[in-house]
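These numbers come from a predicted model, not from an experiment. Start at 1 and go down the list; that is how both ligands and their atoms are numbered.
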Amino acid sequence: MKDIEKRGPMTRIIHAGQHVDPATGAVSTPIYQTSTFAFRDADHGAACFRGEPGFKYTRLGNPTIEALETNIANLEGGCGGLAAATGMAAVNMVYLTFLGQGTHVAATESLYGPSRMVLETEYPRFGVASDFVDTADPENLAKVMRKETKLVYLETPANPTLKLTDIKACAEIAHGAGALLVVDNTFASPYLQNPLELGADIVLHSMTKFINGHTDVVAGMVVAKDKAVLARLRKVHTNFGGTMDPHQAWLVLRGVKTLGLRMERAQENALKLAAFLEKHPKVDWIRYPGLESHPQYALGRRQMRGPGAVMSFGVKGGLEAGKTVINNVQVATLAVSLGGIETLIEHPASMTHAGVPLAERLQAGISDDLVRIAVGCEDYADLEGDLARVLDLA
Ligand SMILES: *Cc1c(COP(=O)(O)O)cnc(C)c1O
């Protein structure tokens, strides 16, 4: 499509990186299920390996995967993307590219569990130090910056506390210290938040969540703002080998086309459900960026186009009452993950964040009573009825 940059968000979601197949006229991007690509002759092969346009080998690039990379890079406003086998492969692509012996990373304390655990348990072997702070107050970040700090790693909204971090303020702190700013944008999706426009250098996604949206694929993506950063990431990514498969890329391309529609619907359900839970006598507390009671409601309005579809809450009676809720739901499903068309409910302290040591988990605000709900696209009345019934049991 011509002038794709000037089109609206839904148009770009559907068309960016997509084109009618020149060989057959196929409208849907074909699955180029091949490991290797034939060269016309020796000179052509040599030119491709010198860096001239042309596919060589699927770990190094493939038309189906490239269509997905171009699509997400466009939605995030970056110069290019790198698709990864999983969200964690995307996270580690960034860590492995910019961290090494004697370097330091400063990160949000309430992070996706494995994104934090891997820094605490694996990277010390390579001489990497890390600090985790409550980045909801950027001053906390400023205090831990060192001359060895190469990366500032944020998650906003954070999993599972739904705390927000001011991306612009943290970009100034990171850049002032000569570090790159990375934002995990999984919870908001590119439809609701674009960290690169707010000063981040790299944005990453677990596309397993909202981008694919159908709970049938695991996948990751890294998008960089400038070409030099993308080139460094590409080198590490293709050599470490956590790249994507063409069929996986096609499934995510199929999922992303409805990202805007799904996000609008799930968010509408979430806004109503949050208002219902906030008023419910059995609910002790609730945190959702779409509620005025959220401590950073104003920041959310400023840096996001909408509050998203994930919330956390505590039931009066603590962990036991929370268990009654998650054990008895019928419309929602008790499962980890989020961002799919179906509503999922889980208990982070015993599931997604069980690997974070107790003291650190409590420090990060992940209390034992915290229940996380990722709202899907079902009929709202069914969702509210389900929660009303299980809260009565609690
Ligand atoms: C799920 C998730 C990841 C990891 O992604 P996988 O696809 O499961 O490897 C990273 N960050 C956040 C915020 C996530 O929710």
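When only non-hydrogen protein atoms are considered, atom 15 (O) of ligand 1 lies nearest to K209 NZ, 2.7 Å. The nearest protein atom to atom 6 (P) of ligand 1, hydrogens excluded, is given as G87 N, 3.4 Å; this is a heavy-atom distance. From the protein, the heavy atom lying nearest to atom 8 (O) of ligand 1 is Y112 OH, 3.8 Å. For atom 13 (C) of ligand 1, the nearest protein heavy atom (residue, atom name, distance) is D184 OD2, 3.4 Å. Nearest non-hydrogen protein atom to atom 7 (O) of ligand 1 is T208 OG1, 2.6 Å. Looking only at heavy atoms of the protein, atom 5 (O) of ligand 1 is closest to S206 OG, 2.9 Å.
Annotation for ligand 1: atoms under 4.0 Å from non-hydrogen atoms of E155 are 13 (C). Distances below 4.0 Å separate heavy atoms of M88 from the following atoms of ligand 1: 4 (C), 5 (O), 6 (P), 9 (O).
T161 contributes no side-chain N or O that, together with a main-chain N or O of G365, makes up a donor-acceptor pair within less than 3.5 Å.
The residue from Y123, F240, F126 that alone fulfils the ring-ring contact (aromatic ring centres under 6.0 Å, His included) condition with Y95 is Y123.
Interatomic distance, CD of E278 versus CZ of F313, reported as 13.0 Å (0.5 Å rounding).
Between the side chains of E155 and T108, not a single donor N or O lies within less than 3.5 Å of an accepting N or O. D386 and Q330 share no side-chain donor-acceptor pair at under 3.5 Å.
Cation-pi check for R116 over F132 is met; the charged atom lies under 6.0 angstrom from the ring centroid and within 45 degrees of its normal.
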